Trainee: 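Please read through the structure below; I'll follow up with questions.
Just so it is clear, the structure is predicted and the values come from calculations on it, not from any experiment.
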Amino acid sequence: MSTEQTAYDVLTAYNFDTLHRDIYNKTAADVQRALATPYRTIEDFKALVSPAAVPFLEEMAREAHRLTVERFGHTIQLYIPLYLSNVCSNSCVYCGFSVENKIRRRQLTLTEIDREVEAIKALGFRHLLLVSGEDLRSSSWKYYLQVVEHIRPHFAQLSLEVQPLTTEQYAALHQAGVDYVCVYQETYHEAHYPTYHPRGKKADFRYRLETPDRIAEAGIEKIGLGALLGLEDWRTDSTFTALHLCYLRQRYRKTRYSISLPRLRPAVGAYTPSSPIDDLGITQLILAFRLLDPHIEISLSTRESAAFRDNVLPLGVTSMSAGSHTEPGGYAEGNEDLEQFVINDGRTPEEFVAHLRSVGYEPVWKDWDSWL
């Protein structure tokens with residue numbers, strides 16, 4: 001790791017409660033100033049995610065749509081997750097894969113992965129997101145390396161959403177064919193973080209927070225960020241995500257970035273979110289992130305309902321999954337008792353693509369071309 005400041009040094013300079021008050025003290029005049037400037041700052045973002053911005057959502061939506069079409073056209077990048085394992089050594093209170101939950105555990109072999117790949121390719125996907133429970137023994141980085149090398153010829157892009165790794169491990173995976181890594185902080189509230197992550201490697205707040213630094217230093221082209229919406233106040237956690245994004249953009253200028261907006265879904269363990277976010281809140285976040293950064297990619301998964309995803313399609317989203325399974329072996333076999341959480345948009349990829357085209361959008365089955 002470089003001796004320069006990392007995300008931990010920069011972000012922990014901000015106090016969660018103070019930032020929360022700043023956001024909730026924003027006024028209509030602050031929102032109007034944010035909308036009037038073409039180059040928006042974190043102060044503008046605070047205004048745009050504040051309660052004071054709710055009456056301005058229609059105006060925000062018009063500008064977000066304009067910026068998205070200007071940068072991405074009428075296109076949606078399609079991806080699909082492949083869950084490799086639900087074995088996990090963490091005890092995250094909100095996750096169906098938690099080591100505390102008494103569920104059937106499974107890690108896919110290469111032969112089983114081949115069957116999943118065959119089923120996924122038949123659906124038309126060329127962008128695959130590899131996901132796994134976080135277990136350093138069974139799902140080691142060498143297991144991921146073996147999987148990536150095995151399936152790389154079948155896909156135009158391979159992405160990774162697994163436990164945080166070292167810079168050297170990310171570099172080896174990048175050389176093997178990983179183009180994009182997602183790592184979500186879950187919550188940026190350091191004092192409350194142990195409440196949600198009492199045991200396991202994931203309990204190390206700083207190590208997780210500095211993971212995007214290691215990903216960028218390894219030369220990975222794109223990094224995905226996000227907070228798990230529902231754990232803490234979503235306006236404040238999302239502002240920390242924006243601060244994280246701004247820090248990374250300034251330090252790693254050649255890297256591309258994506259924002260995900262996952263909200264808690266029903267899972268084994270029946271965790272009840274203390275700060276739930278509604279559809280209006282997710283919509284406001286999509287608009288605010290688009291207005292902050294016209295170039296950021298914004299992803300919305302099948303955690304969200306079909307109706308909601310259709311409604312926010314023109315407002316700034318650039319990437320969506322379809323036909324997803326959140327359990328190992330889900331595409332070739334179907335094993336709902338192994339799933340991480342229950343999906344909300346159950347449309348098949350064919351049905352989803354038909355809807356995209358019916359409203360004038362074109363599906364992109366691989367990553368954005370370089371001219372974008």
Side-chain angles (χ1 to χ4, degrees), residues 74-86 104 106-133 139 143-162 173 176-182 222 224 258 260 265 297 299-306 309-310 313 317-359 361-369:
H74 290 87
T75 59
I76 292 291
Q77 183 190 15
L78 299 180
Y79 72 95
I80 197 166
L82 169 56
Y83 277 70
L84 300 173
S85 172
N86 67 350
R104 185 163 59 94
R106 180 182 183 186
Q107 181 181 38
L108 299 183
T109 66
L110 291 182
T111 299
E112 292 168 335
I113 290 170
D114 284 339
R115 291 198 290 268
E116 291 289 277
V117 166
E118 183 179 356
I120 288 169
K121 287 175 65 179
L123 298 173
F125 288 94
R126 298 184 64 197
H127 176 185
L128 186 66
L129 173 64
L130 299 173
V131 186
S132 176
S139 299
Y143 169 71
Y144 302 135
L145 182 64
Q146 183 184 35
V147 172
V148 168
E149 290 174 338
H150 184 70
I151 68 175
R152 184 66 183 90
H154 297 284
F155 296 95
Q157 183 185 23
L158 288 180
S159 304
L160 204 61
E161 185 183 331
V162 299
L173 287 161
V178 172
D179 308 301
Y180 171 29
V181 177
C182 306
K222 187 166 71 171
S258 175
S260 291
R265 289 284 300 147
E297 297 174 26
S299 178
L300 201 65
S301 76
T302 52
R303 285 176 182 262
E304 301 302 329
S305 70
R309 298 212 304 167
D310 292 349
L313 178 62
V317 177
T318 60
S319 179
M320 290 186 175
S321 54
S324 302
H325 284 269
T326 67
E327 74 276 14
Y331 299 101
E333 306 166 13
N335 298 287
E336 291 185 0
D337 63 314
L338 303 177
E339 66 187 5
Q340 185 182 29
F341 58 87
V342 180
I343 66 167
N344 208 358
D345 184 350
R347 287 176 293 185
T348 66
E350 184 179 20
E351 291 169 336
F352 183 61
V353 166
H355 172 74
L356 288 179
R357 290 180 169 146
S358 73
V359 294
Y361 277 76
E362 190 62 26
V364 177
W365 292 94
K366 59 185 181 66
D367 200 14
W368 310 108
D369 291 325

Trainee: Output, in order, the C-alpha distance, side-chain angles, deciding distance and verdict of side chain to side chain contact (heavy atoms under 4.5 Å, CB included) for Asp114 and His150.
Mentor: CA-CA 9 Å; Asp114 284 339; His150 184 70; 2.7 Å; yes
Trainee: Nearest heavy-atom pair of Ile120 and Ile80: which atoms, and what distance?
Mentor: CG2-CG2, 3.6 Å
Trainee: Any side-chain donor paired with an acceptor under 3.5 Å for Ser159 and Tyr79?
Mentor: no
Trainee: Measuring from Arg126:CZ to Lys121:NZ, what's the distance to the nearest 0.5 Å?
Mentor: 10.5 Å
Trainee: Nearest 0.5 Å please: distance from the CG atom of Leu313 over to the CG atom of Leu356.
Mentor: 6.0 Å
Trainee: Got a donor-acceptor contact below 3.5 angstrom from the Glu116 side chain to the Ala332 backbone?
Mentor: yes
Trainee: Would the number of heavy atoms belonging to other residues, nucleotides or ligands and lying under 6.0 Å from CD of Glu118 be above 12?
Mentor: no
Trainee: Between the main-chain N or O of Thr302 and the side-chain N or O of Ser321, is there a donor-acceptor pair closer than 3.5 Å?
Mentor: yes
Trainee: Apply side chain to side chain contact (heavy atoms under 4.5 Å, CB included) to Tyr144 and Leu130, showing your working.
Mentor: CA-CA 9 Å; Tyr144 302 135; Leu130 299 173; over 6 Å; no
Trainee: Tell me, with the steps shown, if Val147 and Leu108 meet side chain to side chain contact (heavy atoms under 4.5 Å, CB included).
Mentor: CA-CA 10 Å; Val147 172; Leu108 299 183; over 6 Å; no
Trainee: At what distance, to the nearest 0.5 angstrom, does NE2 of His355 lie from CD of Glu350?
Mentor: 15.0 Å
Trainee: Before giving the answer on side chain to side chain contact (heavy atoms under 4.5 Å, CB included), spell out for Glu112 and Thr109 the whole-Å C-alpha distance, their side-chain angles and the decisive distance to 0.1 Å.
Mentor: CA-CA 5 Å; Glu112 292 168 335; Thr109 66; 3.4 Å; yes
Trainee: Mind checking whether Thr326 and Val131 have side chains closer than 4.5 Å, heavy atoms only?
Mentor: no
Trainee: Can you tell me how far apart CD (Glu327) and CZ (Arg106) are? Round to the nearest 0.5 Å.
Mentor: 9.5 Å
Trainee: Quick check: closest heavy atoms across Leu129 and Cys182, and the distance to 0.1 Å?
Mentor: CD1-SG, 4.3 Å
Trainee: Can you tell me if Glu149 uses its side chain to pair, donor with acceptor, with the backbone of Gln146 under 3.5 Å?
Mentor: no
Trainee: What distance do Leu160 atom CG and Asp179 atom CG have between them, rounded to the nearest 0.5 Å?
Mentor: 11.0 Å
Trainee: Looking at Tyr143 and Ile113, what are the two nearest heavy atoms and their distance?
Mentor: OH-CD1, 3.9 Å
Trainee: Can you name the nearest heavy-atom pair linking Ser139 to Ser132, along with the distance?
Mentor: OG-OG, 3.3 Å
Trainee: Give me the atom names and distance for the closest heavy-atom approach of Leu78 to Phe125.
Mentor: CB-CE2, 4.0 Å
Trainee: Say whether, by atom type as modelled, one donor and one acceptor occur between the side chain of Asp345 and the main chain of Glu304 under 3.5 angstrom.
Mentor: no
Trainee: Work out which heavy atom in Pro81 is nearest to a heavy atom in Tyr331; give both atom names and the distance.
Mentor: O-OH, 2.5 Å
Trainee: Determine yes or no for a side-chain-to-main-chain donor-acceptor pair under 3.5 angstrom, with Arg309 supplying the side chain and Leu300 the backbone.
Mentor: yes
Trainee: Can you tell me how the ring of Tyr180 sits relative to the ring of His127, calling it parallel under 30°, perpendicular over 60° and tilted otherwise?
Mentor: tilted
Trainee: Once rounded to the nearest 0.5 Å, what's the spacing between atom OG of Ser85 and atom CD of Gln107?
Mentor: 4.5 Å
Trainee: For Arg357, what residues pass the side chain to side chain contact (heavy atoms under 4.5 Å, CB included) criterion, not counting sequence neighbours?
Mentor: Val353, Glu362, Pro363
